[in-house]
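Throughout, a chain's letter reflects where its sequence line sits, starting with A, and its residues are numbered from 1.
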Amino acid sequence: MEEAAARERKRPREGDAAPSAAAAAGAGKAQYVYLPVADALKAPGARVFLFAAVSEIGAAVRSRGTDFTLTLRVADQSRPAGISVTFFADNVALLPCVKITMHGEFFVTFNKKFSSFALFEGKVSTECSPYQTSTKYYGTQYDNELLTQMRTWLAYNPPGLKDLELQLRSLKSDTTFDLVCKVLHVYENNGEWIFYVWDGTDTPAAEFQAILDAEAVESSPLHLEGVPLPREVLCTMPCVGTVLRVFTNRYIKEVFHLQKNIYWARFCNITCKQEFGIWKGILGPSSRVRLLSHEDGSVVDRMKMYDSRIANQVHRQPMASLPGASNIADVEYEAAGYTTLMESLTHEQVTHKFKTLVRVVAAYPCRASELRLLLTGSYCLRLTLEDPTARIHAYVHKDDGAKFFGGFLTAEALIKKMNKLLGIPEEDEEGTPLTRNPPWIWCCVKSYRLDKNDPWGSRRYRIFGTEIRD
DNA sequence: TTGGGG
């Protein structure tokens, strides 16, 4: 169902409140009097007629009684935030006529016995026939005019655009917000759900605790989920923009639609936090998921923003790295364009040479004593590289060590370079700093396989043609 | 009856 004007009403009955009584006067060919949504909210218990635009689309599910139920949110000029409308029907295909009653402040119910509805395209058009009607539906002579007004209002006031919205690029810990995003994948395991969501922007670069806990630096994970995405799913992920994992242990009924299709949705009242420097969304008890139309104002915004982003090579680069990436690394692969880590992970061939812009979030080894061993030329160094799209392990092969570190260094010089790579600040008079913030570096990386019988399973990354400057 | 939470 696309965004549409929805006309809902109930057949009049003797003794009803003013709006319905007015409608009753013209019994049969009634002159229904539509109330603005804001006025309907002030009339709890009354049966009302509404002419409003659908702003949120819920999923049809079996009710705890004998019916199926579906919830829409409808809005008009008097109340852009809209009102929730619950439909009941004994058959999903019907979604029919229900008595309208007010419940508290927030919502409207359709009673099957009395109500009716009609759905119209929301976009500006001369087509005034509904694309779906319930039984007991009758039009009125003024509806075409109202429909045109409603469509004009919609064109200038697309639903969505709420105060509480954050984009992935503006995520903040410890706040509750709405996220308008495309749901790319849903994973379930033992009542734990993970939604893989994307809005075309990059999550902010995390700061890490600078406490020199070698264990933590060495064991930085590549992803938050216990089981990594299978390659065939990974390959459906976009190559630019962060795919945020949103976790919950609640069953979200919209999940049925989200698992079957790729949908835009509004995740309402969610929170997020960082774990190991990776952003993680959390659906709590008060969070909700609403399916959105592709015509939703916020969705249109996100898609426009993404289209303009990917049209420009520089804007594909990590948002947090702009306006200028640190130039602490020199790369040889001058001619190559920029490639995101996700682009490489989803590359069709196992072997792939590319230039990328990343942060070194972890290194193994990173203890001074073990780093000294690198100088012997018999060890290799494993770096954990991160960009907004993914993390990978990339090895500095023992033969490439001297090149990478810019010559054969003293142990002290080596440790200094490693600290710079990891964003560990030098101690000053104020004492040990609390956070480290790895700089963005340009890096040449190539992938290869260890086992020709298991090329993808044995795929490794290796850094080449890259030198860390002083 | 059920359901809904700007």
Side-chain angles (χ1 to χ4, degrees), chain A residues 1 3 6 8 10 35-48 50 52-117 134 153-154 157-166 175-181 248 250-257 264-271 282-293 296-299 301:
Chain A
M1 186 175 358
E3 244 154 62
E8 307 128 13
K10 180 203 77 61
L35 278 191
V37 170
D39 292 350
L41 284 163
K42 292 177 197 150
R47 294 174 186 170
V48 296
L50 300 177
V54 176
S55 62
E56 288 182 6
I57 306 164
V61 290
R62 199 179 278 282
S63 76
R64 281 197 295 170
T66 57
D67 279 333
F68 291 89
T69 179
L70 171 87
T71 300
L72 302 179
R73 175 166 286 272
V74 302
D76 66 11
Q77 198 152 12
S78 75
R79 188 176 165 88
I83 187 171
S84 172
V85 183
T86 306
F87 293 74
F88 294 101
D90 54 19
N91 181 328
V92 181
L94 291 178
L95 295 181
C97 357
V98 192
K99 175 184 94 192
I100 298 177
T101 51
M102 297 301 297
H103 288 248
E105 193 188 343
F106 293 121
F107 51 93
V108 172
T109 306
F110 278 62
N111 185 292
K112 288 187 290 185
K113 278 186 205 139
F114 304 113
S115 302
S116 64
F117 68 88
S134 64
W153 171 70
L154 262 184
N157 301 273
L161 302 172
K162 317 266 166 60
D163 319 336
L164 296 161
E165 271 179 20
L166 290 184
T175 55
T176 301
F177 61 94
D178 286 5
L179 181 69
V180 172
C181 54
T248 186
R250 276 175 53 204
Y251 175 72
I252 304 287
K253 68 185 185 189
E254 282 75 15
V255 88
F256 173 73
H257 295 261
W264 283 87
R266 175 185 298 279
F267 282 51
C268 307
N269 273 7
I270 69 165
T271 56
I282 298 148
L283 281 177
S286 70
S287 306
R288 304 176 307 285
V289 176
R290 294 284 169 260
L291 307 180
L292 297 177
S293 153
D296 178 279
S298 299
V299 173
D301 269 9

Give every residue pair that meets the salt bridge (Lys or Arg N to Asp or Glu O under 4.0 Å) criterion with at least one member in residues 63-72 of chain A, sequence neighbours excluded. A:Asp67-A:Lys112

Using whole Å, report how far [atom1] of [X] lies from [atom2] of [N].
| X | N | atom1 | atom2 | result |
| --- | --- | --- | --- | --- |
| A:Glu254 | B:dG4 | CD | P | 9 Å |
| A:Asp90 | B:dT2 | CG | C1' | 12 Å |
| A:Phe267 | B:dG6 | CZ | C1' | 19 Å |
| A:Asp67 | B:dT2 | CG | P | 11 Å |
| A:Glu165 | B:dG6 | CD | P | 14 Å |
| A:Leu41 | B:dG6 | CG | P | 12 Å |
| A:Arg266 | B:dG6 | CZ | C1' | 10 Å |
| A:Arg79 | B:dG5 | CZ | C1' | 11 Å |

Could one point to a donor on the side chain of A:Thr66 or the base of B:dT1 with an acceptor on the other under 3.5 Å away? yes

Selected nucleotide, minimal atom distance to A:Ser63 side chain, candidates B:dG6, B:dG4, B:dT2: B:dT2

I'd like to check A:Phe177 versus A:Ile270 (side-chain heavy atoms, cut-off strictly below 4.5 Å). Are they in contact? yes

Can you check whether A:Thr69's main-chain N or O pairs, donor with acceptor, with A:Ser63's side chain at less than 3.5 Å? no

What's A:Arg288 touching, base or sugar-phosphate or nothing? Going by heavy atoms closer than 4.0 Å. sugar-phosphate

Between B:dG5 and A:Arg290, is there an OP1 or OP2 to side-chain N/O distance shorter than 4.0 Å? yes

Can A:Asp301 and A:Val180 be said to form a side-chain contact (heavy atoms from CB on, under 4.5 Å), step by step? CA-CA 10 Å; A:Asp301 269 9; A:Val180 172; over 6 Å; no

